[in-house]
Participant: 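Handing you a structure now.
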Amino acid sequence: MRKKTKWILENEVNYEYVFNKEKNKKLDYIVKEILENRNLSLEDDFSFDPFDLKDIDIAYERIMKAIEKNEKIYIYGDYDVDGITSVSLLYLSLSELGANVNYYIPLRDEGYGLNKEAIQTLKNDGANLVISVDCGINSVEEIDLANELELDFIITDHHEITGNLPKAMAVINPKRNENIYSFKYLAGVGTAFMLVYAIYKKQNKMNDLNKYLDIVAIGTVADIVPLVSDNRKFVRRGLKNLKDTRWIGIKQLIRKIFPDDWDSREYFSYDIGYIIAPIFNAAGRLEDAKQAVSLFVEEDGFKCLQIIDKLLENNNSRKEIQKRIFETSLVEIEKKQLYNRKLILVANKNFHHGVIGIVASKILDKYYKPSIIMEIKENEGIATASCRSIDGINIVECLNSVSDILVKYGGHSGAAGFTINIENIDEFYDRVEKYIDEHYDTEVFKKNIKIESILEPYKVNYNFLKELELLEPYGAKNHTPIFIFKNCRFENLRFTRNSTEHLMMDIMKDGYYFKNCIFFGGGDYYDLVAESKSIDIAFKLKLETFKDRYMCKLQLEDIKNSENNSDIFDSILKLEGKDITFPIETVVYPKRMDIENPISLSFNDYGVALTKDRVIFENIDSNLSKILVTLKRDFNYDFSVEIKERYIKKENINLHIVINKKEAELKSFPIKDNQIFMEIKNMLIGNFSYNSIQKKILSSIFKEKNPTLAIMEKGRGIETIINTIKFFYEYKNLTISINDASKKANFYIFTLNFNHDTILEDFLKSLEKIENKNNILIISNRDFNINNFIKIEDTYSVPKNVEYIDYKEIKKLKDFDNLYYPFLSNEKKEILLKKVEENEKIYSTKEIVVHF
């Protein structure tokens with residue numbers, strides 16, 4: 001059964017911004033807007049003071065006292081990856097300071113967090129100070145016991161504070177209201193890092209701090225905290241550290257799981273979240289999490305390899321157990337048609353409590369229903385459960401409604417756990433489902449897929465995907481952007497090898513071709529796609545490598561039948577490639593190693609090729625070639641190309657090239673001035689005529705030889721006027737100065753945008769430096785007078801059969817054939833202007849005024 005979905009467009013295109021985009025800007029407007037909308041910084045500097053966290057000063061003093069007196073310190077952590085990395089971080093950093101330090105992580109059967117038996121054990125072992133990481137914030141009774149035992153406790157935790165604070169010596173938590181530090185969403189390892197930061201800052205060891213950030217990154221990504229603000233900075237810097245990690249165990253692990261490029265690859269949050277973190281997590285789920293800590297702290301390379309083998313064995317076992325439980329759950333769900341209920345619950349005595357949370361997440365992803373997986377413990381007469389919930393349904397509130405039949409429970413809105421007596425399971429299922437039915441609307445069961453932007457297929461190239469990587473690391477509150485294509489064709493529809501769970505196909509859109517698009521978990525969509533003439537796809541973009549070649553891959557997130565999907569996405573204007581940002585970087589794979597600059601582009605019947613000394617040595621990717629051909633044909637673009645970098649790989653030569661848009665230049669050599677002007681006009685605006693104000697200004701300058709003051713507004717072709725004069729003077733081997741009165745030149749142009757009189761006075765004084773006052777053009781947005789200058793004021797009228805329409809109103813139009821907007825090709829604009837002349841009604845954005 002397919003889950004129900006609803007596509008929500010998060011950001012509509014700001015067409016005015018795209019049309020008026022600044023020259024030589026470095027980022028594509030889509031990437032820039034995502035950065036701005038998400039308030040993401042590209043800076044990794046640490047601008048905070050760790051001592052802005054309440055009690056961190058007390059913790060510092062107590063730890064330094066313990067180190068000075070060689071007191072026994074224990075780090076007490078949780079058994080998940082956040083806890084494992086937090087323990088490792090504090091153990092390593094305090095050991096470097098000479099501390100007498102050990103660590104304790106409870107087994108999963110002991111339960112989450114502090115427990116009294118463990119505290120007594122640590123006291124008996126001679127502990128003087130215990131530092132909790134990723135736990136302890138709500139352990140009031142346990143800390144009371146520690147105080148009775150005269151065992152000092154420092155709590156570092158990031159979980160919600162649900163009651164009174166434990167009476168520990170220091171309680172460090174970003175969620176404390178007393179903090180000056182304002183970011184509340186650190187992971188447990190991030191909170192522990194703030195303590196390390198404070199200690200190392202006081203000890204003048206800041207240069208030694210950076211080496212711990214890969215450990216911080218692993219724990220932060222694994223704990224699914226928002227990857228924004230300081231979390232983002234920690235992870236960005238930590239990911240950069242991975243390939244040169246200081247920690248032998250981590251280095252050997254990544255060599256094992258990324259054998260081909262461990263020391264050269266760029267690491268992303270995906271690598272941590274889906275490949276590295278599960279290996280550590282498996283230790284805590286199936287056996288003892290302390291073996292995962294030992295990999296971080298072990299210095300013996302041979303022992304590290306032994307630990308890695310054990311961790312990988314645990315992870316493979318975890319995968320097998322998880323797969324078995326998942327498949328068993330699916331059989332029961334399908335057999336009993338539980339997907340038709342408001343809540344999916346599966347209980348079984350053969351399930352393993354260590355992985356039922358993962359299985360609950362996978363069931364939720366497949367059916368988009370709140371999902372509960374239970375392990376029945378017959379000998380104890382109870383069942384332990386893991387819950388995962390969808391957006392809009394608070395699972396803890398659901399559990400509150402049946403608290404009278406629960407042994408214990410806890411969690412948050414999206415994930416929770418509980419224990420229940422076996423005989424109460426059926427009652428629990430019925431009551432919770434009834435609660436959901438009475439308190440939540442059916443719309444909540446539609447999964448909202450947030451669409452970042454409607455993407456043009458020509459955008460999918462190496463350059464754009466590399467720019468998207470600036471948004472990394474992806475995670476909570478900074479999700480991987482999802483884009484859509486409308487009205488796609490498809491072919492080669494198939495399931496993945498040996499599985500009907502996943503779907504693959506090739507996608508065609510507007511002549512662009514994308515092979516092997518994969519839809520993980522999309523097997524249920526096979527019939528929908530097969531019966532569709534055209535489809536709309538929602539997808540993520542990924543830059544992959546295969547045999548040392550880059551490939552732009554579409555990872556499908558959802559599919560809809562185009563004919564049954566009429567919505568706001570139908571009102572998107574075609575940008576025709578004019579939103580492409582130059583320069584564009586791409587990679588080609590020549591067979592020759594001796595290619596050097598200069599190189600050239602060659603346009604032919606098959607696309608675009610790279611040439612050296614007029615000999616073709618490689619073709620450019622067909623999708624990128626297509627848009628370059630379009631820009632050259634429809635908008636008269638010309639391009640330059642140069643080699644940026646060269647890498648000799650095992651399988652291929654990677655030649656990174658940069659394609660830039662060339663400035664317009666005259667290609668013929670007319671003799672008469674009127675012919676020169678005609679060549680310049682055709683080069684700048686094609687078959688269009690100069691508009692009324694442009695003609696007046698150019699006549700005043702070139703025919704009448706007048707110093708000219710033009711009063712005109714933006715959008716009336718100022719750049720065309722300037723370029724006409726510029727190209728004419730350059731053709732005559734004469735000099736021109738733009739906005740610089742101090743420079744000696746044959747002609748001067750000034751563009752003024754005055755805000756107050758002082759600037760005008762300063763400008764008029766600057767004109768005194770110019771000897772020949774006749775060869776001056778001043779273009780101003782504000783009216784004023786200047787002696788001896790001919791003033792030309794712009795007056796024009798828009799024909800009555802042209803109806804202005806705002807970009808925001810365009811979506812109301814049903815027919816775009818009579819719509820003028822600036823991204824149209826010159827040929828299409830000419831057709832519409834002809835309709836204006838013939839008194840046929842058209843709609844237009846304000847940019848049409850450039851023609852009148």
Side-chain angles (χ1 to χ4, degrees), residues 1 79-80 106-112 278-289 291-292 310-389 395 398-399 402 405-411 415-433 498-501 521 523:
M1 177 186 173
Y79 42 69
D80 66 3
L107 298 173
R108 184 171 283 266
D109 287 339
E110 293 180 59
Y112 163 77
I279 295 170
F280 294 117
N281 222 347
R285 290 184 181 279
L286 301 185
E287 289 197 15
D288 187 349
Q291 65 179 317
K310 185 62 177 175
L311 289 173
L312 292 175
E313 180 184 331
N314 283 344
N315 194 41
N316 289 333
S317 297
R318 187 268 307 170
K319 288 179 182 178
E320 291 174 5
I321 294 169
Q322 176 185 313
K323 181 181 179 183
R324 174 176 54 80
I325 295 174
F326 179 63
E327 290 175 348
T328 301
S329 299
L330 287 182
V331 169
E332 183 167 344
I333 291 166
E334 294 293 329
K335 181 179 179 180
K336 296 181 179 179
Q337 297 185 355
L338 298 181
Y339 49 74
N340 288 326
R341 300 186 67 164
K342 301 291 174 63
L343 170 72
I344 293 176
L345 185 152
V346 180
N348 192 299
K349 65 181 180 181
N350 295 319
F351 288 178
H352 192 292
H353 63 276
V355 299
I356 56 177
I358 302 175
V359 174
S361 294
K362 288 175 69 67
I363 296 296
L364 181 144
D365 288 340
K366 183 173 180 62
Y367 297 103
Y368 202 66
K369 296 285 181 71
S371 301
I372 299 176
I373 306 297
M374 289 184 177
E375 177 196 12
I376 293 177
K377 301 179 179 179
E378 290 182 327
N379 294 338
E380 301 176 44
I382 61 172
T384 57
S386 279
C387 318
R388 298 293 184 268
S389 191
I395 196 65
C398 297
L399 297 180
V402 291
I405 57 172
L406 299 180
V407 176
K408 62 178 180 179
Y409 69 100
F418 65 88
T419 302
I420 189 171
N421 291 323
I422 295 173
E423 64 268 19
N424 292 329
I425 292 176
D426 289 341
E427 180 186 350
F428 169 88
Y429 198 174
D430 292 338
R431 285 175 60 184
V432 172
E433 185 171 38
N498 301 323
S499 174
T500 58
E501 184 180 355

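Excluded from the calculations below are hydrogen atoms, water molecules and symmetry mates; all remaining heavy atoms, backbone and side chain alike, are included.
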Participant: Taking it one step at a time, do Ile372 and Ile344 satisfy side-chain contact (heavy atoms from CB on, under 4.5 Å)?
Facilitator: CA-CA 6 Å; Ile372 299 176; Ile344 293 176; over 6 Å; no
Participant: Do Ser386 and Ile356 have side chains that get closer than 4.5 Å, going by heavy atoms?
Facilitator: yes
Participant: How far apart are the C-alpha atoms of Lys319 and Ile321, what are their side-chain angles, what is the distance that settles it, and do they pass the side-chain contact (heavy atoms from CB on, under 4.5 Å) test?
Facilitator: CA-CA 6 Å; Lys319 288 179 182 178; Ile321 294 169; over 6 Å; no
Participant: Please confirm whether the backbone N or O of Asn350 pairs with a side-chain atom of Asn348, one donor and one acceptor, at under 3.5 Å?
Facilitator: yes
Participant: Could you give me the CA-CA distance, side-chain angles and deciding distance for Thr419 and Tyr409, then say whether side-chain contact (heavy atoms from CB on, under 4.5 Å) is met?
Facilitator: CA-CA 6 Å; Thr419 302; Tyr409 69 100; over 6 Å; no
Participant: Ignoring hydrogens, what is the shortest heavy-atom contact between Leu343 and Tyr429? Give both atom names and the distance.
Facilitator: O-OH, 2.6 Å
Participant: Got a second to check how far Glu332's CD is from Gln337's CD, nearest 0.5 Å?
Facilitator: 13.0 Å
Participant: Could you report the tightest heavy-atom contact between Glu375 and His353, atom names first, then the distance?
Facilitator: OE1-CB, 2.9 Å
Participant: Check whether any side-chain N or O of Asn424 sits under 3.5 Å from a backbone N or O of Ile420 as a donor-acceptor pair, and report yes or no.
Facilitator: no
Participant: Can you check side-chain contact (heavy atoms from CB on, under 4.5 Å) on Leu338 and Val346, steps first, answer last?
Facilitator: CA-CA 9 Å; Leu338 298 181; Val346 180; 4.3 Å; yes
Participant: What's the spacing between Thr328 OG1 and Lys323 NZ if we round to 0.5 Å?
Facilitator: 11.5 Å
Participant: Check the angle between the aromatic planes of Tyr367 and Tyr339 and answer parallel, tilted or perpendicular using the 30° and 60° thresholds.
Facilitator: parallel
Participant: Is Leu345 close to Ile425 at the side-chain level, that is, under 4.5 Å between some pair of heavy atoms?
Facilitator: yes
Participant: Check Ala383 against Met374 and note the closest heavy-atom contact, atom names and distance.
Facilitator: CB-SD, 4.1 Å
Participant: Of all heavy-atom pairs between Ile395 and Ala416, which one has the smallest distance, and what is that distance?
Facilitator: CG2-CB, 3.8 Å
Participant: Mind checking the CG-CG spacing from Leu311 to Asn316? Nearest 0.5 Å is all I need.
Facilitator: 11.0 Å
Participant: Ile422 versus Ile376: any side-chain heavy-atom pair under 4.5 Å?
Facilitator: yes
Participant: For residues Ile363 and Ser329, report the shortest heavy-atom separation together with the two atoms involved.
Facilitator: CD1-CB, 4.1 Å
Participant: Please assess Arg341 against Glu433 for the test salt bridge (charged side-chain N to carboxylate O under 4.0 Å, His left out), listing each intermediate value before the final yes or no.
Facilitator: CA-CA 8 Å; Arg341 300 186 67 164; Glu433 185 171 38; 2.6 Å; yes
Participant: Kindly compute the distance separating NZ (Lys377) from CZ (Phe351), expressed to the nearest 0.5 Å.
Facilitator: 14.5 Å
Participant: Check whether any side-chain heavy atom of Lys369 sits under 4.5 Å from a side-chain heavy atom of Lys342, and report yes or no.
Facilitator: no
Participant: So if I apply the side-chain hydrogen bond (donor to acceptor under 3.5 Å, both in side chains) rule between Gln322 and each of Glu320, Arg318, Arg324, which one comes out positive?
Facilitator: Arg318
Participant: To the nearest 0.5 Å, tell me how far Leu399 CG sits from Ile405 CD1.
Facilitator: 10.0 Å
Participant: Can you tell if the side chain of Phe418 reaches within under 4.5 Å of the side chain of Val407, non-hydrogen atoms only?
Facilitator: no
Participant: Any chance the side chains of Ser371 and Arg388 put a donor and an acceptor closer than 3.5 Å?
Facilitator: no
Participant: Return yes when atom CG of Asp426 has more than 12 non-hydrogen atoms of other residues, nucleotides or ligands closer than 6.0 Å, and no otherwise.
Facilitator: no
Participant: Which pair of heavy atoms, one from Asn315 and one from Pro278, lies closest together, and at what distance?
Facilitator: OD1-O, 3.2 Å
Participant: So, taking the atom named CG in Leu330 and the one named CD in Glu334, what distance separates them when rounded to the nearest 0.5 Å?
Facilitator: 7.0 Å
